[in-house]
Every structure is written in C-alpha cells, then in structure tokens.
Amino acid sequence: MAIRQGLLALLSQGPRYGYQLRSEFEASTGAIWPLNIGQVYTTLSRLERDGLVAPGEQDAQGRVVYTITEAGRAEMERWLSTPVARSDRPRDELVVKLAMAVAAGADPRPVIRAQRTATMRALQELTRAMAGAEGPAQRLVLDSMIFQAEAEQRWLDHCEAVLAASPRTQETPEATRSPEPGSGPSPDEEF
Amino acid sequence: MSFDPVVRLADVTRVHGDGPQAVPALRGVSLDVVAGELVAVMGPSGSGKSTLLNLAGGLDAPTSGEVTVEGAPLSGLSARELAALRRRHVGYVFQDLNLIPSLTAAENVMLPRELDGVRARQARSEAAEILAEIGITEPGRFPDELSGGQRQRVAIARALVGERRLILADEPTGALDTPTGDDVLRLLRTRCDAGAAVLLVTHEPRYAAWADRVVFLRDGEIADSTAAPLESAR
Ligand SMILES: Nc1ncnc2c1ncn2[C@@H]1O[C@H](COP(=O)(O)OP(=O)(O)OP(=O)(O)O)[C@@H](O)[C@H]1O
Ligand SMILES: [Mg+2]
C-alpha cells in the first residue's frame, strides 16, 4: 500500500499535522481511499522510526507537526520514479469467475451480460461524479477508474464475441457438450 | 420535462432485401426517448445500431412496426411532410460524416438552417457561434483542409445548429482523442439538458456512460438495458 509514500508526498509540500494529512489525502484521491486517523498516526510513527519524517514539539492542544527529512524526500522520489508492477495488484475476481464458469462447463454468457450492465452503471456513476469533481487530483483519480471500467467493458465485449464464434459454446445442446466426458473445455481454447 | 416521447419505436422490424438474401437488421425493437433524455445504443458490428438510428430519424422505413416522432406516426406522412419534419426537428451526425466538400465548414453548418428558411445572415452567425463552441477556429476552411477530428466536429455542429428536438448521432466521436470526445459528449449532454432528446450510437463505453440509459443491441434485438434514469435532471 502506498499510504507511506502518499503521506511523504503531502509532507514534501511543507510540515503538517496528522489530521491535515488525512483530509488532504482524501481530498486528493476524491475520497476513494478513505483513511482513518489511526492509520495516519501508525504510518507516521513508522516513518519516524525509519527516519523519513521528524516530529516537532507538541503544541498546547497536544498536536504534533511532522516534517519530511532528506531521506524522506529521497524515498518519495524513488517511489514516484518506479513503475508499479502489474503483479503487485490484487487478482481480479471477475477474471477468475469467468475462467471458472468456462472451466466448469457453465454458460459464461449470462455472467458476461450481467457484468456488462453492472459495470456500465458504475461507469455512468463515475461519469456523473466527474462532473462534480474538484481539482485536478480528484479528476485524475476518477479518470483512472473510468479507464479501468472501460477496459473491463471492452474485455467483456471481446469475450462475448470470441465465445459466440467458438462452436463449443453455441446455443445447441449438442455443441455445449464436451467431446470426451470428464475433459471440460480448457480456458485456453475458449479465450 | 415532458413524458411524451420525442421519438417512439414500437415493435419495429427492418428486413433488408428479400427472399434467401433477406437480412433481418432489427427484430421487434421498442424504444422511447423523451425530451431531456440521452440514450446510448451499443452493440457489436452489424447488430443493427445504424439501422435503428436511420429508422428513428425517418431516413429509412420499418418493414413492420411504427416510428413516431413528436407525436406524428411517420407511416402516415407524405414524402413532403416527412422531409419537412426531418428538416425541422431532427439533427443527424452520420457515421461517414457526409460533409459537402465544395462548401466551407461554416457553409456546411449554415446549410440546414438555410433549408429551414432562416436568412443567410442569421444562419451565418448561428454557425459561427456553434463552431466556436465546439472549438473550430477556421470556419472558412473546406472539409479536405481540416483534420479528421475537426471534420467530425463540423458534422456535429451541423447537427446541433437550430433548436433540434431530436439529435441522432452515429459514432460522433470516431476520429477524436478522449478529451475532444468528452467535449462532444459534454455538448450533447448540454443540448439534452436543454430539452433535446438524443440517441447516440457508440462502441465506446466511456461515451455511452454519459447517457441516462444504455441499450445493448445484439442480432437486431435489445439484449440488455441499464435501468431507467435514476434522476432525470442533474
Ligand atoms: N442497405 C442494406 N442492405 C442489406 N443489408 C443491410 C443494409 N444495411 C444494413 N444491412 C445489414 O443489416 C445489419 C445491421 O446493419 P447496421 O448498419 O445497422 O449495423 P451496425 O450495428 O450499425 O454496425 P456497425 O457497428 O458496423 O456500424 C447488418 O447485417 C448489415 O449487413
Ligand atoms: Mg453502424
């Protein structure tokens, strides 16, 4: 998770209190990634332990201002300049679900259709949220979600077209039966 | 917002050709689009999207079923009445644009208004206004002196000029990059919110998502649809 580096990025703009970091983080990401204040303070104490931030004196209300260190800046720059590996992202349940539907000999097309309608609704909501987005950071986050939903739709269209062209998943009961009993259709052949 | 549909397709079928060569392009499609509503039509190539749009705009007639525009069943109109209704109420953006090569961008946009009987001066100023709105800074250029994206925008301006109640757009974002495509949708959305009914064909989910309702066509039939609009106004 990138909370550490996200907080460092905000601190690179100047010293901040914990509660400020939380609200700025949420404002920048359009609140798609809500942080609780506990997470912020846990992360700050780890950053302090690693020498990436330095706390100031407590003020009258017991609040502490955090400042980024040189090592903290270096860490933030390293993070910004390193591409995210695709394998670091969580597996997509939908992909697994479709692959399993095919492997289990079930008709994947209703899964595709239901998903396409659901994803389109989500995409409509994101598009509406975009109209009310505040600031470039929020727009950028929404854009990313829009492009991801769009990619999913395209992939679903592609799957449907490929499955329609594949004789094994045609509507006739003859064709849906696998040639040898026990050897279910392999996902490789279907996609 | 009125609940009488601006366009209604009632159990519409369209078969191209006959005998063994007959191609059923649409099979029993029913669809209403009310004023202020943007409906997107998606579906694979050959699923009948353009056919649906042409029928909705009276450019083609159904084999069976009825198309009603602004309360007028099209089958009951003479060719002359149909032409008048199309000219006055309907704005089209065609898949292949159909700009007239011997007219400048501005003249292409003026043309439908002049056909409406509007004076040249007014048509010119309306054209200038909408072309500026859509980001065309060289209205005096001919279509072959414009980029694909610019031509696309001129075709859109031509469909939007005048107070069209029904706007039919077949892949209006085809040659555009995403920010420009988003601009086009913003413009369609604005027209819609001002009371037009818009029927948009697109294969891009990104643009379909601007619609109040998305209809998925497959093999000439409506396969799925996102629910009726949650809130009509926003
Ligand atoms: N004038 C015509 N004569 C014969 N067949 C036609 C005619 N126009 C369309 N068709 C057929 O009707 C079907 C639907 O065509 P249509 O143009 O509506 O598809 P579409 O969904 O718009 O496809 P695309 O995404 O490729 O534009 C296709 O099978 C097409 O070949
Ligand atoms: Mg078409």
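- Atom CD of B:Glu133 is surrounded by more than 12 heavy atoms from other residues, nucleotides or ligands within 6.0 Å.
- The choice from A:Met120, A:Glu152, A:Met130, A:Gln153 that makes the most heavy-atom pairs within less than 4.5 Å of chain B is A:Met120.
- Geometrically, A:Arg63 does not engage A:Tyr19 in a cation-pi contact, judged by NZ or CZ lying under 6.0 Å from the ring centre and within 45° of the ring axis.
- Around CZ of A:Arg154, the count of heavy atoms belonging to other residues, nucleotides or ligands within 6.0 Å exceeds 12.
- Of the possible polar contacts, none joining the A:Gln115 side chain to the A:Ile112 backbone as a donor-acceptor pair under 3.5 Å is found.
- Side chain of B:Arg164 to main chain of B:Ala196: no donor-acceptor pair is present (N/O by atom type, distance under 3.5 Å, no hydrogens or angles).
- The contact between B:Arg218 and chain A is made entirely by side chain atoms (from C-beta outward), counting heavy-atom distances below 4.5 Å.
- No donor-acceptor distance shorter than 3.5 angstrom exists from the side chain of A:Gln39 to the backbone of A:Leu35, with no hydrogens or angles considered.
- Contacts of A:Ile146 with chain B are made by side-chain atoms alone, with heavy-atom separations under 4.5 Å and no backbone atom involved.
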N/O donor to acceptor pairs below 3.5 angstrom from side-chain atoms of residues 29-36 of chain B, sequence neighbours left out:
residue: B:Ser30; atom: OG; partner: B:Asp11; partner atom: N; Å: 2.8
residue: B:Asp32; atom: OD1; partner: B:Arg8; partner atom: NE; Å: 2.9
residue: B:Asp32; atom: OD2; partner: B:Arg8; partner atom: NE; Å: 3.2
residue: B:Asp32; atom: OD2; partner: B:Arg8; partner atom: NH2; Å: 2.6

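- For A:Glu160, the part lying under 4.5 angstrom from a heavy atom of chain B is the side chain only.
- In this structure a side-chain-to-backbone donor-acceptor pair under 3.5 Å is missing from B:Lys49 to B:Glu171.
- For a heavy-atom cut-off of 4.5 Å, chain A lies close to B:Glu204, B:Pro205, B:Arg206 in residues 198-206 of chain B.
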